2 protein chains.
Amino acid sequence: MIGTQPAPSRSEIAGLIRNEPVQARSAARLTALLDAAAAVIDEIGYERLTTAMVAERAGASIGTVYRYFPDRIAVLQSLSARNADRVTGRILSDIDDERHGDAMAALHGGIAALVDAFRSEPGFASLRFGDVLDLRPAEGSPAYAVLAERIIEALRERFGVAEHKDLPVAMESAIVAIDAIAARAFARDAGGSAAFLGHGPEISAQLVGEYLSAR
Amino acid sequence: MIGTQPAPSRSEIAGLIRNEPVQARSAARLTALLDAAAAVIDEIGYERLTTAMVAERAGASIGTVYRYFPDRIAVLQSLSARNADRVTGRILSDIDDERHGDAMAALHGGIAALVDAFRSEPGFASLRFGDVLDLRPAEGSPAYAVLAERIIEALRERFGVAEHKDLPVAMESAIVAIDAIAARAFARDAGGSAAFLGHGPEISAQLVGEYLSAR
DNA sequence: CCGCGATGATCGAGTTCCGCTCCGTCTCCA
DNA sequence: TGGAGACGGAGCGGAACTCGATCATCGCGG
């Protein structure tokens with residue numbers, strides 16, 4: 001067995017990693033490698049990322065990269081998993097920390113947090129939730145589905161939103177759609193085209209609005 | 001100059017191709033190469049496609065692949081351009097050939113045609129309109145924008161939809177969103193999850209419905 | 001508190017595989 | 001039958017990935 005520490009080491013990233021870090025410096029290495037990958041991606045795109053670039057930028061050797069990741073694709077997947085974790089955290093904290101009057105307002109705050117991540121989370125605009133990478137067979141539930149479930153949970157706790165069998169798929173559809181529109185908004189306009197971004201809240205209202213009245 | 005034939009050789013694919021085919025067998029080769037690429041993509045995904053695989057499957061040599069395409073990315077881009085052409089054609093013909101009573105019904109027919117392409121157009125589920133490839137600088141307007149413009153045009157001709165400055169972006173947003181949801185619907189379910197697909201028409205009604213009343 | 005073995009972590013030269021070129025050969029057409 | 005179009009495939013360069021030697025850290029017995 002590995003990692004019997006109380007701290008629940010970063011959720012699903014583990015599955016993509018070869019050797020769980022044991023010593024402290026090792027965890028720092030992993031972070032440095034992912035940071036380096038994010039920087040490279042922001043500069044030249046993930047298609048052109050090479051493992052040598054990642055190694056050099058992290059001040060490590062190629063061997064070290066392959067100590068942590070089975071292959072180049074796994075580096076990208078790990079980064080997108082970390083990004084998904086971080087952005088999910090930002091969205092959830094916006095949803096229940098802010099002073100939102102109702103569930104719809106909270107959800108719109110979450111959308112704003114998602115859009116902001118395109119600007120401020122390194123590599124996010126390219127990789128997003130990783131579901132864009134067409135790796136086969138892609139086991140496990142997609143990051144979108146996890147995010148949808150957690151948003152619903154947060155809204156239920158704070159605003160008493162009722163359960164409904166169609167809500168999870170509706171919420172995931174809204175997230176997928178808004179994420180795609182945001183990607184389009186940032187594709188040609190580094191600041192994010194407001195004309196596209198404006199349709200995000202509209203979609204969420206249409207798809208999940210009917211479920212968000214308090215229980 | 002190249003290709004002075006009356007037939008307007010496949011729209012924008014040309015720009016990605018090294019040598020326009022002159023002899024008849026050569027055009028067949030090009031088709032075979034793209035068909036082979038589509039088959040490979042459906043099997044192992046475009047990330048893992050190699051030029052050698054394309055050559056072998058098309059019964060050609062590597063040299064022949066590079067006679068037609070400058071590099072591997074161009075193969076993917078050509079295929080997505082061909083797919084975009086074909087699917088755009090299908091959507092437009094559904095919009096104005098069928099017996100739709102109004103613009104909204106016609107648009108929903110177009111959406112159905114798009115969804116159908118995920119099932120029946122080889123390689124489309126992975127590459128779609130090519131905007132998923134993160135090649136830098138990505139010049140030219142995205143295929144989504146072109147499709148949006150042509151749909152608007154078709155609706156205007158048949159149903160007298162009025163011009164509106166916000167309609168192109170709204171239409172493109174709807175297409176991007178529906179395309180993303182369809183991709184999600186087919187990602188885990190080869191037949192396309194109906195629960196996700198059902199949200200397509202809903203989104204189009206929300207985003208462009210207000211513009212679709214006759215002039 | 002100090003060795004000191006065991007295990008984790010790192011390095012980088014070497015191997016393999018893939019993208020792509022080059023040029024000799026073959027095919028088509030006038 | 002000459003010339004241009006089309007094709008094949010060995011070979012080159014570079015990127016992905018391996019592997020065994022070397023260094024760092026930890027735990028433990030003295």
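Computed from a predicted structure; not experimentally measured. Protein chains get the first letters and strands the later ones, always in sequence-line order, with residue 1 at the start of each.
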- [ ] Take the angle between the ring planes of A:Y144 and A:F129 and call it parallel below 30°, perpendicular above 60°, tilted in between.
- [x] tilted
Open item on the list: Expressed as a whole number of angstroms, how long is the span from B:E56:CD to D:dG9:C1'?
Closed with: 14 Å
Open item on the list: Let's see if you can work this out: which of D:dG8, C:dG19, C:dC11 has an atom nearest to the side-chain heavy atoms of B:A60?
Closed with: D:dG8
Task: Side chains of B:S120 and B:R90, donor plus acceptor under 3.5 Å - done: yes
Open item on the list: Measure CZ/B:R67 against P/C:dC26 and give the value in whole Å, please.
Closed with: 17 Å
Task: Atom-pair distance (CZ on A:R29; P on C:dC11), nearest Å - done: 4 Å
TODO: Measure from CZ on A:F69 to P on D:dC17 and round the result to the nearest Å.
DONE: 13 Å
Task: Distance-minimising heavy-atom pair for B:I178 and B:S204 - done: CD1-CB, 4.0 Å
Open item on the list: For a quick test of reading the model: is some side-chain N or O of B:S61 closer than 4.0 Å to OP1 or OP2 of D:dC7?
Closed with: no
- [ ] Kindly point out which of D:dC7, D:dC17, D:dG8 is positioned nearest to the side chain of A:R72?
- [x] D:dC17
- [ ] Tell me which nucleotide among D:dG8, C:dC11, D:dA10 gets nearest to the side chain of A:T64.
- [x] C:dC11
Task: Separation of C:dC20 P from B:D71 CG (nearest whole Å) - done: 5 Å
TODO: Assess the side chains of A:Y68 and A:S78: does a donor N or O sit below 3.5 Å from an acceptor N or O?
DONE: no
Open item on the list: Without decimals, in angstroms, what is the distance between A:R18 CZ and C:dT10 C1'?
Closed with: 15 Å
- [ ] Rounded to the nearest angstrom, tell me the gap between atom CZ in B:R48 and atom P in C:dG19.
- [x] 13 Å
Open item on the list: Please find the pair of heavy atoms, one from A:A113 and one from A:D94, that lie closest to each other, and give the distance.
Closed with: CB-CB, 4.2 Å
Open item on the list: Side-chain N or O of B:T50 versus OP1/OP2 of C:dC18: is the shortest distance under 4.0 Å?
Closed with: no
- [ ] Select base, sugar-phosphate, or nothing to describe what B:I73 touches, counting heavy atoms under 4.0 Å on all strands.
- [x] nothing
TODO: Check whether any side-chain nitrogen or oxygen of B:S26 sits under 4.0 Å from OP1 or OP2 of D:dG5, and answer yes or no.
DONE: no
Task: Interatomic distance, A:M53 CE vs D:dA16 C1' [rounded to whole Å] - done: 13 Å
Task: side-chain N/O A:Y66 vs D:dC17 OP1/OP2, d < 4.0 Å - done: yes
